[in-house]
Structures are given as structure tokens and as C-alpha cells.
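Take a look at the structure below.
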Amino acid sequence: MKRLLEWQIATIRAIRQETRRVKTFTLALPDPSPHRAGQHYDLRLTAPDGYQAQRSYSIASGPERAGEIELTVERLEDGEVSSYLHDVLVVGDQVEVRGPIGGYFVWEASQGGPLLLIAGGSGIVPLMAMIRHRSAAGSTVPTRLLYSSRTSEDIIYREELDRFSNDRSGLVVFHTLTRSQPPEWSGFARRIDLQMLQDVAKPLGNDIRAFICGPTPLVEGVANGLVSLGIPADRIRTERFGPTGGF
Ligand SMILES: Cc1cc2nc3c(=O)[nH]c(=O)nc-3n(C[C@H](O)[C@H](O)[C@H](O)COP(=O)(O)OP(=O)(O)OC[C@H]3O[C@@H](n4cnc5c(N)ncnc54)[C@H](O)[C@@H]3O)c2cc1C
């Protein structure tokens with residue numbers, strides 16, 4: 001049987017600047033395995049003196065993409081691994097990765113919906129894999145995405161989300177901008193609260209699948225909010241990216 005968790009050496013095939021602080025890296029894998037939307041890879045860096053640092057990164061690309069994966073990484077100011085990936089890596093470089101990992105925070109089109117997806121910042125990454133998979137699979141399950149960003153410049157995948165929400169497949173995208181809003185902004189303009197959750201989630205009913213991803217405080221606040229709105233806890237799946245809250 002194939003061992004999924006062996007380290008392999010991936011080659012950086014492309015690097016795309018998504019926002020000021022976010023880049024997407026396309027990794028060519030010598031030994032690719034099929035993944036499910038929502039899974040992640042571990043990435044390991046080794047310094048010349050043998051020091052190693054390892055972090056997890058969600059797979060941004062959909063499962064339909066063969067032989068390569070995309071990872072979308074936010075650069076943290078004092079972040080050991082994310083600043084290396086942003087400041088040092090160039091196309092053609094190699095990094096060690098292993099995966100795909102995770103069987104809980106995943107969605108496959110065959111599972112159906114309705115889907116409620118809620119993200120803060122780079123927490124959009126595994127949800128984007130689900131949205132890309134949903135589109136590639138031709139799924140039309142009613143889906144609502146609530147995405148919290150600091151400013152409009154910080155919205156990751158903005159144009160692609162606009163395209164998906166205009167393709168009449170049943171995806172509705174709601175943005176909230178917590179720090180500043182451009183003139184004539186028509187989306188939400190505050191942190192996610194109970195009223196916002198109710199406004200976004202209500203039309204889907206309570207028999208839904210909810211996926212929440214982002215900074216720990218956002219994830220916990222949203223999960224508690226959904227439970228208080230009557231959504232059964234076993235319908236809510238969460239992924240925590242980090243300790244801080246900036247949304
Ligand atoms: C399953 C999983 C999937 C993940 N997927 C992604 C992804 O797709 N894209 C992505 O950018 N990150 C993702 N992360 C977060 C990622 O693993 C790292 O934690 C992040 O890149 C910071 O690592 P660093 O070495 O740059 O920072 P570190 O040197 O570890 O930390 C620097 C400082 O930032 C704080 N910090 C650590 N993590 C975060 C965070 N996520 N947000 C805010 N502050 C933080 C630390 O407390 C510390 O103060 C994921 C995490 C998990 C557990």
C-alpha cells in the first residue's frame with residue numbers, strides 16, 4: 001500500500017502575488033496523491049546547520065488538478081516559515097512536503113449540502129479548494145460564503161470569487177471588511193456577529209454542512225454563534241490556523 005505521509009521534494013513551479021501579504025505557490029510533486037478539498041500538507045524547511053522548521057498549509061487547489069498543488073500563504077511579520085517562503089523562495093527552488101493530511105475538515109461534492117462556508121483572512125484557503133471542487137464537479141448545492149478581511153485589498157481570490165458567484169451555480173458570497181471600507185462599499189463592515197450569521201445562514205435552514213476556518217477566536221466565536229442559532233454541532237467543522245485574531 002502506498003504510504004501517504006512520506007516526505008517528498010517538491011519544486012516551486014510558479015509564484016503568484018495574491019494580495020500585499022499573500023502569495024500562492026504552485027508545487028510540482030514527484031509522487032502526487034489524490035487529495036480531498038479541505039486537506040493540508042506539512043511543509044518542512046531545513047537550514048544548512050540541520051535546524052528544521054515545519055508548518056501546515058491547506059491545499060488551495062481543487063482535487064481535479066493533477067500532479068501539482070497550490071498553497072496560499074500569508075506572510076506574518078515575524079513568521080519564521082511564512083517570511084522565508086515569501087522573501088526567499090523563487091521558481092525552481094525545492095521544499096520538502098508531505099500529505100495530503102486530514103480527514104475531518106473535508107468536503108466532497110458527493111456529500112451534498114447546503115454548504116455554509118465561513119472564513120477569516122487566509123482561512124479562505126481550504127474553503128476555496130471546496131469552492132473550486134464544487135465548480136469543477138458541476139455541483140449546484142446551495143452555498144453561502146461569508147468571508148472576513150481587514151480591507152478590500154486583503155481579500156484573497158477576489159476576482160475568482162466574483163466569477164464563481166456570477167456563474168448561476170448557487171454560490172452566494174458575502175464579504176465583511178473589518179478595518180476600512182472603500183467608498184460605496186455594500187458588504188458588511190464589522191466583525192462577524194450573531195446578527196450577521198443569522199442574515200447569511202438563515203436561508204439555508206439548519207440542515208446544513210458548515211465549515212469555519214481562520215484565526216482561533218474567529219473560529220470559536222462563529223462556531224458558538226451557529227450552535228446558538230440552532231445548527232447542530234455535528235454539522236459544524238472547524239479548522240484553526242493560528243493563535244491571533246486580526247479580523
Ligand atoms: C491545518 C492548518 C492549515 C493551515 N493552512 C494555512 C494556509 O493555507 N495559509 C496560511 O497562511 N497559513 C496556514 N496555516 C498556518 C501556518 O501553519 C503557520 O502557522 C503560519 O504560516 C505561521 O508560521 P510562521 O512560521 O510564519 O510563524 P511563526 O514563526 O510560527 O509565528 C510567528 C508569530 O505569529 C503568530 N502566529 C502563528 N500562526 C499564526 C497565524 N496563522 N495567524 C496569525 N498569527 C500567527 C505566532 O504566535 C507568533 O507570534 C495553517 C495551520 C494549520 C494548523
Side-chain angles (χ1 to χ4, degrees), residues 4-5 7 10 12 14-27 35-47 51-63 65 68-89 95-107 117-133 145 147-151 153-158 160-161 178-179 191-192 211-223 237-247:
L4 290 183
L5 286 188
W7 290 98
I12 307 296
I15 301 176
R16 189 169 67 242
Q17 189 88 39
E18 299 278 7
T19 70
R20 221 167 3 133
R21 296 185 302 138
V22 176
K23 285 183 179 178
T24 291
F25 302 86
T26 306
L27 276 63
H35 74 267
R36 290 186 285 162
Q39 288 188 297
H40 67 272
Y41 268 69
D42 285 342
L43 183 150
R44 180 167 76 181
L45 302 175
T46 306
Y51 170 77
Q52 290 190 319
Q54 183 182 321
R55 301 287 185 273
S56 301
Y57 292 102
S58 299
I59 307 164
S61 42
R65 189 110 160 236
E68 61 181 27
I69 54 164
E70 285 190 345
L71 305 179
T72 298
V73 180
E74 176 181 359
R75 186 185 187 286
L76 300 184
E77 214 41 68
D78 53 352
E80 191 179 10
V81 172
S82 63
S83 62
Y84 176 88
L85 298 178
H86 270 252
D87 303 348
V88 180
L89 267 199
V95 288
E96 272 188 296
V97 295
R98 67 174 178 191
I101 298 170
Y104 166 76
F105 195 82
V106 295
W107 179 76
L117 309 176
I118 302 181
S122 55
I124 188 69
V125 178
L127 307 186
M128 195 63 189
M130 294 177 191
I131 290 170
R132 287 169 168 160
H133 168 53
L145 168 69
Y147 181 15
S148 177
S149 307
R150 290 173 181 160
T151 71
E153 289 77 34
D154 294 308
I155 298 174
I156 310 169
Y157 313 130
R158 184 172 188 175
E160 194 178 350
L161 285 172
T178 57
R179 295 212 177 158
R191 285 172 172 234
I192 296 173
F211 292 88
I212 312 164
C213 186
T216 304
L218 177 146
V219 170
E220 288 173 359
V222 169
R237 306 221 159 173
T238 59
E239 183 101 284
R240 294 161 174 78
F241 269 11
T244 61
F247 304 91

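Atom set for the values below is all heavy atoms of this structure, side chains included, hydrogens, waters and symmetry mates excluded. Just follow the structure's listing: the first ligand is 1, and inside any ligand the first atom is 1.
- The pair R158-E18 does not count as a salt bridge, with every side-chain nitrogen at least 4.0 angstrom from each carboxylate oxygen.
- An N or O contact shorter than 3.5 Å links F241 to ligand 1 by distance.
- Atoms of ligand 1 found under 4.0 Å from any heavy atom of H40, numbered from 1 in the order shown, are 1 (C).
- Near V81, with a cut-off below 4.0 Å to any heavy atom, the atoms of ligand 1 are 24 (P), 25 (O), 26 (O).
- In terms of the side chain to side chain contact (heavy atoms under 4.5 Å, CB included) criterion, residue partners of Y51 (sequence neighbours excluded) are, by chain and number, A47, D49, A53, E80.
- A salt bridge links D87 with R75; the closest basic N to acidic carboxylate O contact falls under 4.0 Å.
- Counting only non-hydrogen atoms, the option in L76, V22, L85, I124 that gets closest to atom 34 (O) of ligand 1 is L76.
- At distances below 3.5 Å, at least one donor-acceptor pair connects side-chain atoms of K23 with backbone N or O atoms of H86.
- Q54 pairs by the side chain to side chain contact (heavy atoms under 4.5 Å, CB included) definition with W7, D42, R44, R98, not counting sequence neighbours.
- The atoms of ligand 1 that sit less than 4.0 Å from any heavy atom of V125 are 8 (O).
- Taking a cut-off of under 4.0 Å to the non-hydrogen atoms of E239, the atoms of ligand 1 that pass are 1 (C).
- For the residues E80, M128, R21, R55, the heavy atom positioned nearest atom 30 (O) of ligand 1 is part of R55.
- For atom 9 (N) of ligand 1, the nearest non-hydrogen atom from the set T72, T24, I59 belongs to T72.
- Considering backbone and side-chain atoms alike, S82 places an N or O below 3.5 Å from some N or O of ligand 1.
- In this structure, R240 is part of the shell of residues with a heavy atom less than 4.0 angstrom from ligand 1.
- Of the possible polar contacts, one joining the H35 side chain to the S61 backbone as a donor-acceptor pair under 3.5 Å is found.
- Annotation: E74 places an N or O atom under 3.5 Å from an N or O atom of ligand 1; distance criterion only.
- Considering only heavy atoms from C-beta on, V97 comes within 4.5 Å of V95 through its side chain.
- Backbone and side-chain nitrogen or oxygen atoms of S56 are examined, and one is located within less than 3.5 angstrom of a nitrogen or oxygen of ligand 1.
- Side-chain contact check for L71 versus T24: every heavy-atom pair is 4.5 Å or farther apart.
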